[in-house]
Structure formats: C-alpha cells, structure tokens
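Notes for the one structure printed next.
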Amino acid sequence: MIISKYTSKYDIEGLKFAGKLAASILEMIHSYIKPNISTGQLDQICKKFIENDIQAISATLGYNGYKHSTCISINNVVCHGVPNFNHKLKLGDIINIDVTIIKNGYYADTSKMFILGENIIGKRISSVTQECLYKAIKIMRPGVKLSEIGSIIQQHAEYNGYSIVRNYCGHGIGKNFHEPPQVLHYNGYNLFNDIILTEGMCITIEPIVNSGDSATKILNDGWTVVTKDKSLSAQWEHTLLLISDGVIVTTARKEEDLSFIK
Ligand code: MF3
Ligand code: CO
Ligand code: CO
C-alpha cells in the first residue's frame with residue numbers, strides 16, 4: 001500500500017501554511033462561543049472566514065454530501081455533529097469544532113474543545129483527551145511504530161477511567177482529505193499496524209474519549225455520531241508532519257504550549 005511522503009520544501013511549506021490557516025479558524029471562533037449562539041451561526045462564521053479571510057476551500061463542504069464547513073459536536077455527540085440554526089449553545093456545554101481546509105492543494109484537519117462556563121466533569125474529560133493527543137505527539141519521530149500511538153492514547157484514557165472510541169480513527173492527509181494509513185487510537189490490529197513512521201508522512205491524530213462506554217451510534221440524519229449510553233465525549237485533533245528529527249504540528253495554535261516537543 002502506498003503512503004505519500006511529503007518531503008520537498010514545497011510540500012512542507014504548503015502543509016505548514018494550510019495548517020496555520022486551519023488553526024486560525026479555531027483561534028478566530030473562540031470569541032463567538034457564548035450562550036445562545038447556534039451551531040448553524042458558528043458554522044456560517046467559519047465558512048465566511050475560510051472563504052473571505054484566509055481564502056481557502058472547506059474540505060467538508062460537499063464531502064460525501066455533507067453541507068457544512070465545520071462539524072460541531074456537543075456533550076454526548078462523539079463527532080460529525082451537524083451545524084443547525086435551531087441548536088443553541090448553553091452554559092455547561094462541551095463543544096468540539098472540527099475544521100478541514102484546502103489551501104493551494106494542501107489539506108489541514110484540526111479540532112479542539114471549548115467549555116462554555118463551568119463544567120468540572122466536562123473540563124476533566126476534555127483535558128485528559130488533549131493529554132492523550134499530546135502524549136502521542138510527544139513520541140512521534142521517524143523509527144517509531146505507528147501502533148505505539150494507539151497504545152499510548154488508550155493507556156492514558158483508560159488510566160483516567162475513560163474509554164476510547166474505536167469506530168473512528170486518524171488518517172493520512174496531505175494532498176487528499178483521507179489517505180492511508182488509518183491511525184488507531186487504541187491498541188488494536190489493522191493493516192497498518194507494522195508501519196514505521198518515516199520522514200514525510202503526514203497524519204492526523206484525533207482521539208475521541210468517552211466518559212462511559214466506547215460504543216457509538218449514528219443518528220437518523222446519517223451524520224451525527226453519539227455515544228450509545230449518552231455519556232460525555234471529547235475529541236482533539238492535529239495534523240502532523242514527520243520530519244527527519246521529529247514532528248511538525250502543522251495545525252498548532254498560538255495559545256498552545258507545545259514545548260514538550262524537542
Ligand atoms: N474532519 C473529520 C476528520 O477528522 C471529517 C469530517 S467529514 C464530514 O476526519 F463530512 F463529516 F465533515
Ligand atoms: Co481527521
Ligand atoms: Co477533523
């Protein structure tokens with residue numbers, strides 16, 4: 001199976017630029033996360049920003065018939081939450097916004113959690129999920145087995161009493177939205193398990209952590225994925241490019257402390 005390698009200066013700059021722009025969407029939307037704004041409005045704001053401010057293309061708009069520029073997944077929604085003008089944010093919500101853009105032919109895919117008001121339980125699952133992502137990023141360098149990513153993520157989630165969603169995984173990305181390999185967030189087995197990370201590989205890591213059971217189901221809209229047991233769910237995602245001596249987080253935000261990367 002062919003895994004793309006993005007090693008030219010042109011590719012690296014292209015991926016970094018797309019990543020920086022994708023990150024800027026999540027930075028921009030932060031100040032709009034307030035009670036009573038609808039997820040449909042948040043999506044519209046992101047769409048306009050993508051088109052007018054960063055002059056990029058939303059990769060989700062039209063993707064397999066999806067009609068929005070973001071996925072907005074709240075509380076028990078695991079992923080692929082569909083923006084809706086009737087669904088308004090309320091205090092205590094934990095909200096994931098996931099954006100994927102294309103700039104000059106290069107993709108960047110990233111998501112983060114927002115906590116609206118005080119929610120200690122929500123804040124804890126969000127923090128642990130971000131730690132899962134960071135622990136995985138920390139071990140990434142050429143020579144590491146892809147499967148080590150899943151092991152470290154699962155270990156941290158379960159140590160904290162949570163479960164890892166198995167029905168969705170990270171993926172190769174670069175000049176396409178979803179490329180091989182699949183990136184498991186648990187210690188499982190698939191076709192890609194024995195892959196060794198090498199320079200130029202570009203992948204997402206996007207662990208989804210549930211407070212209850214890992215089982216999920218898709219609602220009748222054909223998109224929205226929820227926890228079967230209605231428990232809380234959190235997700236964080238970055239796009240990552242392997243370089244000779246480590247990793248570049250293409251979608252790093254200004255507010256993030258990524259100093260753990262050597
Ligand atoms: N951004 C998601 C991912 O991380 C994919 C969303 S596809 C959509 O892979 F159609 F639901 F938007
Ligand atoms: Co992704
Ligand atoms: Co995504």
Side-chain angles (χ1 to χ4, degrees), residues 3-4 6 15 18-27 29 39-40 42-44 46-47 50 56-74 77-84 87 95-103 106-114 126 129-130 132-133 136-137 140 146 149-150 153 164-186 192 201-209 216-226 233-241 247 249-253:
I3 294 179
S4 303
Y6 299 96
L15 287 166
K20 188 181 165 142
L21 296 182
S24 76
I25 306 166
L26 298 179
E27 290 166 345
I29 205 66
T39 57
L42 291 170
D43 182 68
Q44 280 299 112
C46 290
K47 179 177 192 285
I50 292 167
I57 297 167
S58 164
T60 58
L61 197 55
Y63 174 80
N64 289 342
Y66 193 75
K67 294 189 175 61
H68 308 275
S69 303
T70 58
C71 296
I72 305 184
S73 304
I74 301 176
V77 178
V78 163
C79 63
H80 305 166
V82 181
N84 179 333
H87 187 153
I95 302 135
N96 174 279
I97 301 188
D98 189 340
V99 291
T100 311
I101 59 148
I102 315 163
K103 182 71 177 184
Y106 293 97
Y107 283 70
D109 186 3
T110 185
S111 81
K112 67 165 285 191
M113 298 298 298
F114 300 89
S126 169
T129 309
Q130 188 180 35
C132 287
L133 172 60
I137 293 173
M140 283 181 80
L146 185 65
I149 291 174
I153 290 172
I164 287 286
V165 168
R166 289 155 191 260
N167 293 339
Y168 301 88
C169 55
H171 48 92
I173 187 168
K175 289 184 177 172
N176 301 283
F177 197 161
H178 296 106
E179 298 182 2
Q182 288 183 346
V183 180
L184 301 185
H185 302 117
Y186 59 96
F192 308 99
M201 282 185 189
C202 189
I203 63 170
T204 72
I205 302 182
E206 47 183 299
I208 307 174
V209 170
T216 64
K217 65 174 186 189
I218 302 176
L219 297 186
N220 288 336
D221 62 14
W223 284 105
T224 310
V225 182
V226 298
S233 187
Q235 180 175 34
W236 292 77
E237 175 174 27
H238 271 313
T239 296
L240 303 138
L241 175 63
V247 66
V249 183
T250 71
T251 46
R253 296 177 305 280

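Owing to the predicted nature of the structure, the values given are computational and were not obtained by experimental measurement. Start at 1 and go down the list; that is how both ligands and their atoms are numbered.
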Does the side chain of [X] come under 3.5 Å of the side chain of [Y] through a donor N or O and an acceptor N or O?
X: Asp109; Y: Thr204; value: no
X: Asp43; Y: Thr70; value: yes
X: Ser4; Y: Glu179; value: yes
X: His238; Y: Thr251; value: yes

Is [X] near ligand 1, meaning one of its heavy atoms is under 4.0 Å from it?
X: His68; result: no
X: Tyr168; result: no
X: Thr204; result: no

Is the shortest side-chain heavy-atom distance between [X] and [Y] below 4.5 Å?
X: Val249; Y: Ile137; answer: yes
X: Gln235; Y: Ser73; answer: no
X: Ile74; Y: Thr39; answer: yes

Ligand 1 N/O within reach of [X] N/O, cut-off under 3.5 Å:
X: Asp109; value: yes
X: Asp98; value: yes
X: Trp223; value: no
X: Glu206; value: yes

Contacts of Ile29 that satisfy side chain to side chain contact (heavy atoms under 4.5 Å, CB included) - sequence neighbours left out: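 Side chain to side chain contact (heavy atoms under 4.5 Å, CB included) list for Ile29, sorted by chain: Tyr32, Leu42, Ile45, Cys46, Ile97, Phe114.
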With sequence neighbours excluded, what pairs up with Ala136 under the side chain to side chain contact (heavy atoms under 4.5 Å, CB included) test? Ile149, Ile152, Ile153, Ile205
I'd like to check which ligand 1 atoms, numbered from 1 as shown, lie under 4.0 Å from a non-hydrogen atom of [X].
X: Thr100; value: 1 (N)
X: His80; value: 5 (C), 6 (C), 11 (F)
X: Glu237; value: 4 (O)
X: Thr60; value: 12 (F)

Sole residue of Thr224, Asn96, Asp98, Val99 in side-chain contact (heavy atoms from CB on, under 4.5 Å) with Cys71: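 Exactly one pass, corresponding to Asp98.
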the protein heavy atom lying closest to atom 5 (C) of ligand 1 turns out to be Phe177 CZ, 3.7 Å
By residue and atom, what protein N/O/S atoms are less than 2.8 Å from the Co ion (ligand 2)?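 The answer is Asp109 OD2, His171 NE2, Glu206 OE2, Glu237 OE2.
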How would you list, by chain and number, every residue that makes a ring-ring contact (aromatic ring centres under 6.0 Å, His included) with His178, sequence neighbours excluded? Tyr63, His171
Using a heavy-atom cut-off of under 4.0 Å, does the side chain or the backbone of His178 touch ligand 1, or both, or neither? side chain
Ring centres of His80 and Tyr66 under 6.0 Å apart? no
